[in-house]
Each structure stands twice: as structure tokens, then as C-alpha cells.
Amino acid sequence: MSTTQATVLAGERPGGTATLSSAPCAAADAERFVRELYAEHGTALLTYAARRLDNDWHRAQDLVQEAAVRAWRHGPSRVLSADGIRPWLFRVLRNLVIDEHRARAVRPHVPHRLEDVVVPVGDDTDRVLTAQVVREALADLTAQQREILHGMYFQGHSVTDVSHALGIPPGTVKSRTYYAMRALKRALLARGVLD
């Protein structure tokens, strides 16, 4: 590490007074400051934060970044003790961790696991299988029974309408419908659809 980096990270000015940085004003200075800060203190800060956040490394990284930003913002206006920047960083990080715990106490974090999410998906399998079984059962009926059921249930006509369409009395439509439904029920029972 160069003497300039050591000076920046130790927070000392060449004259002997302690500050966070020797003027991190420009973007290049800011980037250099943060890189050097991470190189010197990043691992220790990250480990410290992760231990206090129940090994939530992602949140710990966020808090270490926030501490680095605060260190850069304070810049030369912040006078530190002769110990340098490290104790100040740990104090800032400790306060951020405390704030994090307080925020979670107010709004507890509830992770949503993908396995717990139930997304209803339209599944036509049952409908398709039922339709196939009903078609097969209808094939067992006579043509006259299929014609009555088709008019009454599939087209939704009334007894009077079916009576007029087929040219038979309404009472005959009713009795044929009754016997056609019984025959259909037997065909469905034989296929195991009805109990």
C-alpha cells in the first residue's frame, strides 16, 4: 500500500491531524477512496455486519456500502481521533445494524419461498376427459335417445320446442328424456364415472 493510500485510510493529513480523507471531491478521488477503504477494511466490516445480521450477507453488504458512503460524505470536515478511520467505520456500521434490527422489529421480514406460492392454473384435463367419457357413453344410446338428449340438454330447448321440432307430443318427449337419461346413467356407471 502506498503512503498516500495509508494516509487516506488512516484518516491523517500529512501535518498530523486526523480526517477521513484528504479531499475526496472528484469522482476519481471518491472511487479511489472507496476502493482503498474496501481493500483495507472491507472484509472486517462485512464479517462484523453479517454476524450481527444472522449471516444475511446481502444485507451486510448493503450496510457496509452505506458506511463507506457516509465516510466519503464526511470527507475532510470530519476530524477523527488519532486511531484513524477504522473505529469510526465500526461505530457507523454498528449504528446501521441497530437501525436495521429496529426496522425489522417494526416490519418483520417474511420471506416468500417459491414452494409456498400457489398459483392456480387453468387445467382443462378433467373437462376434456369427462367430455370424452360422455361421448363414449352417448354412443351406447340409441339414435332416438341421443336426439332427445341433444335437443333438451345440449341445445337447451324446452319440452315444447323439442316436441315441435320432432313432431311428437310433449308427454312423449318427457318420457323419452327420462329413459334416455337412465340409459346414459347406466353407461356412465359402467365406465366408472358415477358412483
Side-chain angles (χ1 to χ4, degrees), residues 27 31 34-35 38 42-70 72-73 92-195:
E31 185 177 335
V34 171
R35 284 181 192 265
Y38 268 91
T43 304
L45 292 169
L46 186 59
T47 304
Y48 174 83
R51 275 189 301 208
R52 279 146 187 81
L53 293 171
D54 298 325
N55 290 322
D56 184 351
W57 289 92
H58 295 288
R59 192 64 195 133
Q61 288 173 343
D62 290 344
L63 294 184
V64 170
Q65 287 175 6
E66 178 64 26
V69 167
R70 288 183 184 191
W72 178 77
R73 281 186 188 154
V92 169
L93 190 57
R94 178 181 170 272
N95 291 339
L96 289 170
V97 168
I98 290 170
D99 290 346
E100 178 71 19
H101 284 296
R102 287 178 181 160
R104 285 189 182 193
V106 172
R107 271 186 328 255
H109 175 71
V110 181
H112 295 287
R113 294 188 348 229
L114 188 57
E115 301 88 42
D116 294 341
V117 177
V118 177
V119 179
V121 177
D123 187 10
D124 290 339
T125 305
D126 287 338
R127 185 186 59 79
V128 170
L129 291 175
T130 302
Q132 180 63 32
V133 171
V134 169
R135 268 190 231 105
E136 291 172 2
L138 284 172
D140 290 352
L141 303 179
T142 64
Q144 188 181 54
Q145 290 171 330
R146 283 194 300 272
E147 185 178 41
I148 288 290
L149 291 179
H150 183 73
M152 292 292 296
Y153 295 104
F154 294 111
Q155 291 181 343
H157 295 303
S158 67
V159 172
T160 307
D161 293 340
V162 173
S163 165
H164 288 293
L166 297 178
I168 55 175
T172 305
V173 171
K174 289 179 186 178
S175 67
R176 286 185 185 174
T177 302
Y178 172 78
Y179 288 112
M181 287 301 292
R182 276 183 55 185
L184 181 60
K185 182 177 180 181
R186 280 192 305 272
L188 291 172
L189 282 170
R191 287 171 172 75
V193 175
L194 299 178
D195 295 331

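- When all heavy atoms of A137 and L188 are compared, the pair lying nearest together is CB-CD2, 3.7 Å.
- If you take OG on S158 and NE2 on H164, they are separated by 8.0 Å, rounding to the nearest 0.5 Å.
- For the pair T177/Y153, a side-chain contact is recorded, criterion being any heavy-atom separation below 4.5 Å from C-beta on.
- Between D54 and R59 there is no salt bridge, since no side-chain nitrogen of the basic residue lies less than 4.0 Å from a carboxylate oxygen of the acidic one.
- Atom CZ in R182 sits 12.5 Å away from atom CG in L184 (nearest 0.5 Å).
- In this structure, the separation between CD1 on I98 and CD on E100 is 12.0 Å, given to the nearest 0.5 Å.
- Annotation: R146, atom CZ; neighbour count of heavy atoms from other residues, nucleotides and ligands within 6.0 Å is above 12.
- Looking at heavy atoms from C-beta onward, L46 lies in side-chain contact with W57 at the 4.5 angstrom threshold.
- To the nearest 0.5 Å, atoms CG (L141) and CD1 (I148) are separated by 12.0 Å.
- Contact check for R176 versus I168: side-chain heavy atoms found under the 4.5 Å cut-off.
- When all heavy atoms of A67 and L96 are compared, the closest pair comes out as N-CD1, 3.8 Å.
- The pair D56-R51 fails the salt-bridge criterion, with no side-chain N (NZ, NE, NH1 or NH2) lying under 4.0 Å from an Asp/Glu carboxylate O.
- Without hydrogens or angle criteria, H101 side chain to R52 main chain gives a donor-acceptor distance under 3.5 Å.
- Here the side chain of S175 pairs a donor or acceptor atom with the backbone of T172 at under 3.5 angstrom.
- Closest approach of V64 to A49, counting heavy atoms only: CG2-CB, 4.4 Å.
- Looking at Y38 and Q65, their side chains come closer than 4.5 Å, going by heavy atoms from C-beta outward.
- When only modelled atom types and interatomic distance are considered, E136 and Q132 share a side-chain donor-acceptor pair under 3.5 Å.
- The minimum heavy-atom distance linking L149 with A180 is given by the pair CG-CB, 3.7 Å.
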Show the numbers, then the answer: is there a side chain to side chain contact (heavy atoms under 4.5 Å, CB included) between L138 and F154?
CA-CA 12 Å; L138 284 172; F154 294 111; 3.8 Å; yes
What do the steps show when you test R191 against D140 for salt bridge (charged side-chain N to carboxylate O under 4.0 Å, His left out), and what is the final call?
CA-CA 11 Å; R191 287 171 172 75; D140 290 352; 2.9 Å; yes
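- Atom NE2 of H157 and atom CE of M152 lie 10.0 Å apart (nearest 0.5 Å).
- Counting only heavy atoms from C-beta outward, the side chains of L63 and L53 approach each other to under 4.5 Å.
- Looking only at distances, a side-chain donor or acceptor of T130 sits under 3.5 Å from a matching main-chain atom of D126.
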